Participant: 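Okay, here's the structure, questions in a sec.
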Amino acid sequence: MSDTSKNLSQVIREKMKRDNKRFWAGDNISDYVDDNVKPELIDEATEAFERVLDSLLIDRETDPNSKGIARRLAKMYFNEIMAGRYDPRPDATAFPNDSDDRYEGMLVVRSELRSMCSHHHQPVSGVAYIGIIAASKLIGLSKYTRIAQWCARRGTLQEELANDIAREIAKATGATDVGVYVQAVHGCCENRGIMAHSSLTQTTVLMGAFKNDQGTKKEFFDNIKLQQDFAPR
Ligand SMILES: [Zn+2]
């Protein structure tokens, strides 16, 4: 980057604004951040976290547990808990499902999720049940979970997360009949605020037949029930 008076994040933010690219906590910005710029962004975030820790009056110099925490935080945000913002969508090769013996039934995949709430940056952990009526393409079973986790590893609201998963699964499979049911516990309710340790939130997004056909909807929830009996949350 040529303008040395600006730090890298500033340059990238200005570019996204010029492009009218939204960069909310739950948005993917992989077109603007790749592995070449990540190390510099991590350096920048490290310095910023150091300032936060200093303001919190945490001794980064002599407390052995607090040494290096700023860099650990910076790396954790970019590479782990918010990786879904910076990484491109996982590759999900689609296989044709259009021969005479194509699969026409419902597919329900259970995906474990770890996310983070946009409001407090507290952990969200739960599970998504993703249902589709197979269309002309199929993707590998593990890809449903990879896509769901890619949507989850950002700052999210659970309602948005369910929507994002449904939209991305529809995109990857070409299916118009998609159902997503997310069940999660929220750190921001458990660790602070109301301190409710059993707070469980459920959100459902139904598209196509999952929404309009009572039989399909019932089959989806029956399948979820079967999965839950098999693998309790
Ligand atoms: Zn929260």
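Ligands are counted one by one from 1 in listed order, and the atoms in each one are counted from 1 as well. If you're wondering where the values come from, they're calculated on a predicted model, not measured in any experiment.
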Participant: Keeping the roles fixed (side chain from Asn28, backbone from Gly84), state whether a donor-acceptor pair exists under 3.5 Å.
Facilitator: yes
Participant: Can you find a side-chain donor-acceptor pair between Arg13 and Ser9 that sits under 3.5 Å?
Facilitator: yes
Participant: We want to know whether Gln202 and Tyr181 form a side-chain donor-acceptor pair, criterion being a heavy-atom distance below 3.5 angstrom.
Facilitator: yes
Participant: Tell me the ring-ring contact (aromatic ring centres under 6.0 Å, His included) pairs involving residues 45-102, sequence neighbours left out?
Facilitator: Phe49-Tyr77, Tyr77-His121, Phe78-Tyr86
Participant: Is His186 close enough to the Zn ion (ligand 1) that one of its N, O or S atoms comes in under 2.8 Å?
Facilitator: no
Participant: Is the distance from the Zn ion (ligand 1) to the nearest N/O/S atom of Cys189 under 2.8 Å?
Facilitator: no
Participant: Quick check for you: with the Zn ion (ligand 1) as the vertex, what angle do ND1 of His120 and SG of Cys188 span, to 10°?
Facilitator: 110°
Participant: Check whether any N, O or S atom of His119, backbone or side chain, sits closer than 2.8 Å to the Zn ion (ligand 1).
Facilitator: no
